Amino acid sequence: ELGNLTDKPTEEELEQAQLIEEARQEQESERKAKHDKMEAEREKERQRIRDKYGLKKKEEIEKEKAEEAASLAASQSAGRISRDKKSPAEMQAAMEDEDESELIKTKQPFLFIRWS
């Protein structure tokens, strides 16, 4: 009992802890395998229902909508004479750039006069 006062685990305790950790990892892997198998069975049933009723997955629907939107945007802009409208953020950035360039133009003559 006096040798255990150093707070260092003994070899026996280390082996016990290692066995416990290995058992936990094995249980966890078994649990994951079980859940993966159940999910595969669920997906198989979902696919059977989709095939039976002619349904599509959400990803397929979203992909089709994105493709339609892209083709619509391309077809609309193909025959346009003017460019697309700017977003509010783009308009704000353009106004700030314009203000800065205007400020530089107004101060340049004064700089040349003052230093001449």
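Computed from a prediction, not measured in an experiment: that's the story for all the values here.
- Applying the 6.0 Å contact sphere to CD of E22 captures more than 12 heavy atoms from other residues, nucleotides or ligands.
- Cluster partners of Y53, using a side-chain heavy-atom cutoff of under 4.5 Å among ILVMFWY residues and allowing indirect links, are I49, L55.
- More than 12 heavy atoms of other shown residues, nucleotides or ligands fall within 6.0 angstrom of atom CZ in R31.
- The local environment of CD in E12 is sparse, with at most 12 non-hydrogen atoms from other residues, nucleotides or ligands closer than 6.0 Å.
- Evaluation of the salt bridge (charged side-chain N to carboxylate O under 4.0 Å, His left out) rule for K56 yields E64 as partners, not counting sequence neighbours.
- For the side chain to side chain donor-acceptor pair (under 3.5 Å) test, residues two or more places apart in sequence or in another chain that qualify with R48 are E45.
- The structure places CD of Q16 at 11.0 Å from CD of Q18, a figure rounded to the nearest 0.5 Å.
- Scored by the side chain to side chain donor-acceptor pair (under 3.5 Å) test, Q92 finds E96 as partners (sequence neighbours excluded).
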Would you be so kind as to tabulate the donor-acceptor pairs closer than 3.5 Å made by side chains of residues 34-42, with sequence neighbours excluded?
residue : atom : partner : partner atom : Å
E39     : OE1  : R42     : NH1          : 3.2
E39     : OE2  : R46     : NH1          : 3.0

Chi angles and distances behind the salt bridge (charged side-chain N to carboxylate O under 4.0 Å, His left out) call for K65, E68: CA-CA 5 Å; K65 285 183 181 179; E68 287 175 11; over 6 Å; no
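- Listed by chain and number, the residues in a salt bridge (charged side-chain N to carboxylate O under 4.0 Å, His left out) with R50 are E43 (sequence neighbours excluded).
- Formation of a donor-acceptor pair under 3.5 Å by the E13 side chain with backbone atoms of T10 is found in this model.
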